[in-house]
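Take a look at the structure below.
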2 protein chains.
Amino acid sequence: MNNKKITMNEIAKLVGVSQATVSRAINAPEKVKPYLREKIYSYIEKYNFLPNENAKSMRGVKSKILGLILFDLSNQFYLETIKYAEKVARKIGYTLILMNSEKDSKLELENIKILLSRNVEGILIAPVDNNNLKFLKETTSVPFVIINNFINNYPCVYTSTVKGGEIACDFLIKNNHKKIAYIGNLSNQTTEKFQGILKSFKKNNLSLNFLEKINFDTSKMDKIQLENYFSKNTFSSTGIIASNDEVAYLFLQSLEKIDKDFLKTMTLVGFDNTIISSLLNFSSIEQPIEELIEKSIEILFSKKNTSLSVELIPKLIIRN
Amino acid sequence: MNNKKITMNEIAKLVGVSQATVSRAINAPEKVKPYLREKIYSYIEKYNFLPNENAKSMRGVKSKILGLILFDLSNQFYLETIKYAEKVARKIGYTLILMNSEKDSKLELENIKILLSRNVEGILIAPVDNNNLKFLKETTSVPFVIINNFINNYPCVYTSTVKGGEIACDFLIKNNHKKIAYIGNLSNQTTEKFQGILKSFKKNNLSLNFLEKINFDTSKMDKIQLENYFSKNTFSSTGIIASNDEVAYLFLQSLEKIDKDFLKTMTLVGFDNTIISSLLNFSSIEQPIEELIEKSIEILFSKKNTSLSVELIPKLIIRN
DNA sequence: TTGTAAGCGTTATCAT
DNA sequence: ATGATAACGCTTACAA
């Protein structure tokens, strides 16, 4: 086992040429005489020479590194994101550095700085703190794209959750559900999924009397909230939209103790099309993650548009 | 927005000292007079100076980069692996480069070479091709650890699947199941899970007559195989071990069409403790992924042991 | 076609 | 305590 990596210089000496010639043989083969070139190649092979990317990058060669900063690696959705980010990066010859900011603004900033100090060519970020974006924009020239979220004045690629809510609701209405319930966090003003539902109601000329709102604290994720609701209210909706698959799952669980026959008449739509909806066989709104990553990287490298955003349309995966 | 990153040299000029002094202020503050030091710091702050890691690495400073090469990023298990690898790496001040070899030997080698050319300090790898390991071992001095697999003569950290099978079977026997079935790929000789079951049978003095083998081609993953089996054979086992949660799920599905009451009497154990077993509420054998990563990185950086391997013991997660 | 040499941004050794 | 300078491995004018 060689203890040190062989350098261009050493290859050059071995071959009996100057180091510049070795460099040329690699980067501009046509400028090196075939005989020499082949000889150089053979030594490169023999000694497993690999050019030092750090040295190249010092000479102004692009780093070919992409950074991906997510705030959560537990979530199935972000794990898919990683998969495609690596795939797309690799396809265009880039290496992916993955970081988790754990929803911590300070950690997010640290991660950004690490990426900058490693000369990444671009950053995909699911951001935690707008100040960090401001930092990126104002003090660096490294391009970045916000994924899966819309933040004004920054380049974003995200799936329209409003549209998602609308599609889900349209589907239920089209399937003759006369009363529709939304289960999700309604304390927040920006419940876009719910807004999509409202849109659908308006579009279909339905009275909001037929819309049931079930507030669910998604930070807690315990089904007792739902059981409480069902014990206090008569639940008459047959079309149900849950703010995500997990919530839908909790809904199903709490349902089991309340009304079993109901299962047959109702239609449930979740969000994110995770393994949950696929296993439990209910419909779900899917985000086009691969497209999201592709678009993000496309924007990342398109010089001109500094704050162009792209909104993607989600897709309803219909089950049973 | 600054168009170029500020360098140490520029900071030095701004402060009115030599570049070496700025370097010292950062790396050996005690060697710089407090007044100057603070002045330098203030400029570093002001201009958001970040040292160029590539340049540092050229001077022999460690890269603080870890590489993680997996052959599949769809699998829930490997996605967990990523999460912990990033976490542990970050905790010890390292940056993680993630790569997918897609079960392709050539791609795996490419990935390895990219990591080497980026001067990674160590590589965690779920390998595809032993030749690539040989390459790593014989032509480089970069330490690497094989995760989640045992390969002779290489440092490995893995969970004993034999033990997993044994634990699962012990559990079923202890819960008075008189006949036990294993569903999984039995065409392969190295079905370690099955070997663990055999061990448990021997240990518990049970005749192998009470062990039912259901061969399941896990590369296909369609439940028709199981339905076929059940239509041809009388299935009398009440303790069932599936080679993983997904197989267990398919088993449950095919069961629905065959015998519903059976559900109450049987006990099912899967592997990997994924969201499937948690949702469908059956027991599962869990791998200690965080420990696996921690051990791997520990071994990676422990100079002396070149081919020390660590076997971890999985844990049974009991449900319903 | 090939070689010489400067320079990228650091660290570290040597003077001062 | 500070500055000048060499060196890390490479790319790229420029010279030969």
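Letters A, B, ... are given to chains in the order of the sequence lines, protein chains preceding strands, and every chain is numbered from 1. The figures that follow rest on heavy atoms only: side chains count, while hydrogens, waters and symmetry mates do not. These numbers come from a predicted model, not from an experiment.
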NZ of K62(A) versus P of dC10(D): gap in Å, rounded? 20 Å

Please state how far atom CG in L36(B) lies from atom P in dT2(D), giving the value in whole angstrom units. 5 Å

Are OP1 or OP2 of dG3(C) and a side-chain N or O of T21(A) less than 4.0 angstrom apart? yes

N/O contacts under 3.5 Å, protein versus nucleotides 5-9 of chain C?
from	atom 1	to	atom 2	distance (Å)
dG7(C)	N2	R59(A)	NE	3.1
dG7(C)	N2	R59(A)	NH1	2.8
dG7(C)	N3	R59(A)	NH1	2.8
dC8(C)	O2	M58(A)	O	3.3
dG9(C)	N2	A55(B)	O	3.3

Length of the line joining R24(B):CZ and dA1(D):P, which is rounded to integer Å: 10 Å

Has S23(B) got a side-chain N or O lying under 4.0 Å from the OP1 or OP2 atom of dT11(C)? yes

Output the rounded distance in Å from CD (E53(B)) to C1' (dC8(D)). 15 Å

Give the C-alpha distance, both sets of side-chain angles, the deciding distance and a yes or no for salt bridge (Lys or Arg N to Asp or Glu O under 4.0 Å) between K87(A) and E290(A). CA-CA 9 Å; K87(A) 186 176 161 193; E290(A) 186 161 18; 3.1 Å; yes

So, Y43(B) side chain and N48(B) main chain: donor-acceptor pair closer than 3.5 Å or not? no

Report the distance from atom CG of N119(B) to atom P of dT10(C), rounded to the nearest whole Å. 17 Å

In this structure, is the centre-to-centre distance between the rings of F301(B) and Y94(B) below 6.0 Å? yes

To the nearest angstrom, the NZ-P distance between K13(A) and dG3(C) comes to 13 Å

When you measure from the centre of the six-membered ring of Y154(B), is the NZ or CZ of K137(B) under 6.0 Å away and within 45° of the axis? yes

Whole Å only: how far is the CD1 atom of I26(B) from the P atom of dA12(C)? 12 Å

Hydrogens and angles aside, do N52(A) and N119(B) bring a side-chain donor and acceptor to less than 3.5 Å of each other? yes

Starting from the C-alpha separation in whole Å, work towards a yes-or-no answer on salt bridge (Lys or Arg N to Asp or Glu O under 4.0 Å) for E10(A) and K13(A). CA-CA 5 Å; E10(A) 293 168 305; K13(A) 276 179 193 143; over 6 Å; no

